[in-house]
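Here the structure is a predicted model, which is why all the values come from computation and not from measurement. Atoms within a ligand are numbered from 1 in the order they appear, just like the ligands themselves.
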Amino acid sequence: MSKPTLTAPAPARYSRLLGVGGSRGERIVPNDDIVGPIDSSDEWIQQRTGIQTRRYANEDTTVADMSVAAAKDALKNAGITADQVGAVVLGTVTWWVQTPSLAAIVADRIGATAAAAYDISAACAGYAYGVAQAEGLVRAGVVDHALVIGVEKMSEFIDPTDRSISFILGDGAGAAVIGPSDTPGFGPAVWGADGSKAQVISQTHSWSDFRRSGPDADHSWPTLRQEGPTVFKWATFEMTKVAKKAIEAAGLTPEQIDVFVPHQANVRIIDHMVKYLALRDDVVVGKDIVDTGNTSAASIPLALERLIREGQAKSGDIALQIGFGAGLAYAAQVVIVP
Ligand SMILES: CC(C)(COP(=O)(O)OP(=O)(O)OC[C@H]1O[C@@H](n2cnc3c(N)ncnc32)[C@H](O)[C@@H]1OP(=O)(O)O)[C@@H](O)C(=O)NCCC(=O)NCCS
């Protein structure tokens, strides 16, 4: 008797972004509100980072709440219902529960009950990693529609007296729906990680130290630290090269990029990249950081959501996105604006 033929995922096809959405922390926190404990000033922060205000979520607003809001917004903009979603891929480093995943909880809350759901830990590259995975799942026919979410409540991961990174960070969630397409909606992802530099952005100590130290804590709640100038150099030089490779991998030249949506780490890093990539003078550049702050995994989808909402990025535009941060993890990819 002949063997039966397997039912397998559909043959490879293209995938594209169908819609993006976002949700920012409710509170607008100006520099003047945080400079006291770090002996800084509004002027210094604006000059060195471009940040004027950041957004913090209310105490009782959770990463799940922000994810649900961003996901619903993205689904609405994509014209897709939650029951059509086959996978929810969520990037975060501020879900304080080891298991279950935040993705599973969010999938249930939005009604994506048929979806596979899992979290990924790639810090500020979390959304870009998620897109690289999800568009591959759609392209391979594993799922028809995937939802990618980047979410952080960084305000719970900061030390108000820390001068290295805390003053940069903010809270929010961004989401994107990816579906099948007749034409290519993504160039190849150029991604990787360099664990030899893991110490340059990391939490102060591990959760097990926190647990073991008991009520007379030597170790308080862990917070985030960075070696700012080292990260700055790595981002400006190494990440510019990665972005260039992503443009080349998509068969394009820098002049063909209409929209640039880098991780919102520092306006000076963004400006450097625009210059050294030799992007066009009229390229549209995401600078959501100025009033949202650095929201880690949420920063790219929030910046893109805003550019689309404000009419600066138009459907069909060719956009370059690049996420980078702790790990040190990074991912760059050319994407077509939905
Ligand atoms: C953090 C960052 C803004 C600091 O800016 P910088 O220009 O590198 O600052 P430096 O650490 O070299 O310090 C320069 C001066 O400012 C002072 N300074 C440092 N942090 C300060 C702060 N928060 N407020 C005020 N002054 C500060 C330093 O003491 C130093 O003073 P000195 O010249 O008298 O010695 C910058 O390094 C940065 O953006 N790094 C990358 C951030 C990033 O991308 N992180 C996220 C990756 S996901």
Side-chain angles (χ1 to χ4, degrees), residues 29-54 91-94 120-129 150-155 157-172 174 191-195 197-204 223-240 242-243 261-274 276 286-290 292-303 321-332:
V29 180
N31 291 334
D32 280 337
D33 284 13
I34 59 154
V35 292
I38 55 172
D39 187 22
S40 190
S41 66
D42 175 39
E43 190 191 5
W44 190 94
I45 294 176
Q46 288 206 41
Q47 257 177 18
R48 298 288 174 131
T49 70
I51 296 171
Q52 293 172 7
T53 63
R54 76 273 305 122
T92 188
V93 292
T94 48
I120 51 178
S121 175
C124 303
Y127 169 80
Y129 263 51
V151 61
E152 307 288 3
K153 194 171 180 186
M154 300 305 295
S155 61
F157 205 20
I158 63 175
D159 169 0
T161 67
D162 159 55
R163 286 182 125 200
S164 78
I165 194 165
S166 297
F167 63 101
I168 297 173
L169 303 171
D171 301 340
W191 57 342
D194 181 359
K197 296 193 182 67
Q199 80 289 352
V200 307
I201 314 174
S202 63
Q203 69 184 59
T204 45
T223 54
L224 199 62
R225 292 288 186 282
Q226 72 168 345
E227 294 172 21
T230 309
V231 177
F232 192 92
K233 278 189 213 113
W234 172 77
T236 47
F237 294 107
E238 300 306 325
M239 291 304 97
T240 304
V242 169
V261 198
H263 170 47
Q264 305 289 293
N266 185 319
V267 167
R268 283 160 60 216
I269 295 175
I270 297 172
D271 289 343
H272 174 98
M273 286 181 153
V274 171
Y276 285 93
K287 289 194 178 171
D288 191 45
I289 184 174
V290 172
T292 304
N294 173 352
T295 53
S296 183
S299 89
I300 292 175
L302 280 177
Q321 67 181 29
I322 177 165
F324 52 85
L328 296 174
Y330 56 87

Review point. Which residue holds the protein heavy atom closest to atom 28 (C) of ligand 1, what is that atom called, and what is the gap in Å?
Key: R163 NH1, 4.2 Å

Practice item. With salt bridge (charged side-chain N to carboxylate O under 4.0 Å, His left out) as the test, would you mind laying out the steps for K287 and D271 before giving the verdict? Key: CA-CA 10 Å; K287 289 194 178 171; D271 289 343; 2.7 Å; yes

Check your understanding: Would a 4.0 Å cut-off, counted as strictly less than, catch a protein heavy atom around atom 3 (C) of ligand 1?
Key -> yes

Practice item. Look at atom 13 (O) of ligand 1 and say which protein heavy atom is nearest, naming residue and atom and giving the distance to 0.1 Å. Key: R48 NH1, 4.4 Å

Review point. Just heavy atoms, cut-off under 4.0 Å: does V35 contact ligand 1 by side chain, backbone, both, or neither?
Key: neither

Check your understanding: Got a sec, which residues hit side chain to side chain donor-acceptor pair (under 3.5 Å) with T53, two or more places apart in sequence or on another chain?
Key -> none

Point to revise | Min N/O separation N266 to ligand 1 under 3.5 Å | key: yes

Review point. Are S164 and ligand 1 in contact, using a heavy-atom cut-off of under 4.0 Å?
Key: yes

Check your understanding: Quick check: does D39 get an N/O under 3.5 Å from an N/O on ligand 1?
Key -> no

Revision key, fill the gap. Contact region, W44 to ligand 1, non-hydrogen atoms below 4.0 Å, reads side chain

Exercise for review: Between P229, G228, S299, S296, flag the one that comes closest to atom 11 (O) of ligand 1 by a heavy atom.
Suggested key: P229

Check your understanding: Looking just at side-chain N and O atoms, do Q226 and S164 make a donor-acceptor pair shorter than 3.5 Å?
Key -> no

Exercise for review: Could you give me the CA-CA distance, side-chain angles and deciding distance for V200 and W234, then say whether side-chain contact (heavy atoms from CB on, under 4.5 Å) is met?
Suggested key: CA-CA 10 Å; V200 307; W234 172 77; over 6 Å; no

Review point. Does the protein place any heavy atom closer than 4.0 Å to atom 31 (O) of ligand 1?
Key: no

Exercise for review: Report yes if T49 has an N/O atom closer than 3.5 Å to an N/O atom of ligand 1; otherwise report no.
Suggested key: no

Point to revise | Distance from atom 45 (N) of ligand 1 to nearest protein heavy atom, with residue and atom | key: Q226 OE1, 2.9 Å

